Amino acid sequence: MRRGLLKNMPEGSYSLKFKTLARELACWDFLQLAVMLVLLGAGVLFIRTTGEQIGTAHSESFLNKQLIWIAIGSIGYIAAARCDYRKLIPWVWFYYIFSVAMLVLVLFIGRRVNGAMSWIDLGPMRIQPSEFAKLGVIWFLAAMHGNMLFKIRKLTHIFLSLAALGIPVFLIGIEPDFGSAVVLAPVGAVMVFTAGVKWKYMAAAAAIGITVFGALAANELLEIKPLLKNYQRERIKTFLNPERDLANGGYNAYQSRLAVGSGGLLGKGLGQGTQNLLGFLPQSVSNNDFIFSVLAEETGFVGAMALLTAYILLLYTILRSAFFAQDSFARQSGIGIAVLIFVHLFINIGMSVGVTPITGLPLPFLSYGGSFVVSMMLALGFMQSVYRRNILAMEEDRELKN
């Protein structure tokens with residue numbers, strides 16, 4: 001039946017459909033798509049291997065939930081990629097307000113996990129509003145900086161940007177989720193800087209920040225009027241030297257460093273990492289905060305470098321789309337998304353090798369956790385839309401010149 005219908009169609013329809021398909025495929029950034037799929041696949045693989053230490057039934061529940069979140073994220077990715085991102089600009093303020101409202105709501109009805117009121121139960125699943133709020137801040141700042149009435153070189157408008165950033169940072173901080181709150185600081189700073197803020201304001205802000213930090217550090221070291229509580233001081237000391245408290249605060253960091261170091265050049269093999277398999281690196285952290293440690297132990301230096309190469313390619317595709325963007329909103333959004341992924345990457349891997357404090361930040365696309373996976377896939381879907389619009393704009397320019 002299908003052959004008969006196609007046979008009766010005019011020949012021109014074949015050519016038109018082929019050209020339409022070819023044009024559609026030419027507008028997709030397949031490098032970015034391929035890297036995202038590789039990272040998601042690696043995440044699924046190592047979430048599965050981290051489950052080997054606790055039995056199949058429980059480990060499969062983590063794996064199945066992650067696959068469901070990836071499926072949900074795929075729908076969001078395709079929808080965002082197919083949509084013209086410029087139509088989203090008038091709705092950015094609504095998304096921002098909704099994100100802030102969710103951050104307020106989670107303080108009242110949220111579920112406390114690991115000491116933080118960061119989650120909202122939705123039937124069998126939970127969402128973490130702070131992960132979606134990160135995109136809300138990026139898009140809102142990008143829309144604000146791209147507005148013709150907004151002048152980033154005016155001091156009052158800089159304070160408006162800081163207020164838009166500070167509200168969600170404060171709400172996330174009192175959950176408390178200090179890791180997510182800290183991540184937004186460099187994101188906002190880079191977006192304000194690239195928007196064209198005056199150098200003297202940046203220099204003044206840097207000088208104030210250094211002075212305040214230095215004064216606080218001196219106050220704590222000299223114990224003039226200490227602000228940190230004893231347990232907070234212990235955390236800092238344990239971060240600097242995990243071996244001093246291996247039974248408690250330093251245990252995970254110490255085992256993580258052992259896992260990374262024991263991987264050698266080629267690793268111990270998939271599912272054969274002893275730190276993971278024997279439970280020295282607890283499953284409660286091995287599939288999210290310290291999934292890089294599992295990967296490094298099982299695939300070695302080669303696997304770790306391959307992972308970093310994939311992330312470099314991903315950041316390259318995001319920044320490439322941002323720098324060739326047709327408007328300030330897309331450019332600023334791309335920069336914010338790239339910084340967000342980079343900071344997550346730096347802090348998470350830093351936790352695994354002992355150069356950054358343990359803050360609970362997931363590794364993009366690899367760590368177990370639905371909210372972050374979905375939000376990151378939405379972000380890449382948005383950048384895919386920017387890439388498509390860039391290609392179409394270049395085609396239109398060529399047609400006008402011809």
Side-chain angles (χ1 to χ4, degrees), residues 76 80 88-122 126-147 150 152 156-195 197 205 209 329 332-348 357 359-362 364 369-379 382:
L88 302 176
I89 298 177
W91 297 95
V92 165
W93 65 272
F94 176 79
Y95 183 83
Y96 175 82
I97 292 175
F98 178 76
S99 299
V100 171
M102 292 295 289
L103 291 176
V104 173
L105 186 64
V106 75
L107 297 175
F108 295 95
I109 67 169
R111 179 175 179 178
R112 189 172 295 278
V113 178
N114 295 328
M117 192 78 77
S118 304
W119 303 85
I120 295 178
D121 286 325
L122 291 178
R126 294 177 299 186
I127 63 169
Q128 191 173 4
S130 60
E131 300 298 353
F132 297 99
K134 293 173 186 176
L135 290 182
V137 170
I138 290 172
W139 285 330
F140 189 72
L141 287 178
M144 183 186 295
H145 296 164
N147 192 299
F150 187 87
I152 192 63
T156 53
H157 288 190
I158 294 176
F159 285 131
L160 288 176
S161 293
L162 294 177
L165 174 67
I167 293 172
V169 167
F170 172 75
L171 292 172
I172 294 172
I174 63 177
E175 291 180 1
D177 182 0
F178 297 117
S180 294
V182 167
V183 162
L184 285 174
V187 171
V190 173
M191 291 184 70
V192 169
F193 175 75
T194 55
V197 68
F329 173 69
Q332 279 267 290
S333 296
I335 291 171
I337 291 169
V339 174
L340 177 65
I341 292 176
F342 173 79
V343 174
H344 267 269
L345 177 66
F346 177 81
I347 293 179
N348 181 277
T359 57
L361 287 178
S371 298
F372 190 57
V373 166
V374 173
S375 65
M376 286 294 94
M377 293 183 75
L378 280 175
F382 173 86

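Model, not experiment: these values are computed from the prediction. The basis for the numbers below is simple: all heavy atoms, side chains too, and nothing from hydrogens, waters or symmetry mates.
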**Report entry** Spacing of Ser130 atom OG and Leu184 atom CG [to the nearest 0.5 Å]
**Finding:** 8.5 Å
**Report entry** Under 3.5 Å: donor-acceptor pair, side chain of Tyr96, backbone of Ala164
**Finding:** yes
Query raised in the report: Taking the six-membered ring for Trp, are Trp91 and Phe94 parallel (under 30°), tilted (30 to 60°) or perpendicular (over 60°)?
Result: perpendicular
Query raised in the report: Rounded to the nearest 0.5 Å, how far does CH2 of Trp119 lie from CZ of Arg111?
Result: 10.0 Å
**Report entry** Val92 side chain reached by Phe329 side chain, heavy atoms, under 4.5 Å
**Finding:** yes
Query raised in the report: Counting only N and O atoms by type, is there a donor-acceptor contact under 3.5 Å from the side chain of His344 to the main-chain atoms of Leu361?
Result: no
**Report entry** Beyond-backbone contact of Leu340 with Met376, side-chain heavy atoms, under 4.5 angstrom
**Finding:** yes
**Report entry** side-chain contact (heavy atoms from CB on, under 4.5 Å) partners for Thr194, two or more places apart
**Finding:** Val190, Gln332, Ile335
Query raised in the report: Is Phe342 atom CZ crowded by more than 12 heavy atoms from other residues, nucleotides or ligands, each under 6.0 Å away?
Result: no
**Report entry** Working for side-chain contact (heavy atoms from CB on, under 4.5 Å), residues Val106 and Gln128
**Finding:** CA-CA 9 Å; Val106 75; Gln128 191 173 4; over 6 Å; no
Query raised in the report: Are any of the side-chain heavy atoms of Leu378 and Phe382 separated by less than 4.5 Å?
Result: no
Requested in this report: Any chance you could lay out the side-chain contact (heavy atoms from CB on, under 4.5 Å) test for Leu165 and Met191, step after step, and finish with the verdict?
Outcome: CA-CA 11 Å; Leu165 174 67; Met191 291 184 70; over 6 Å; no
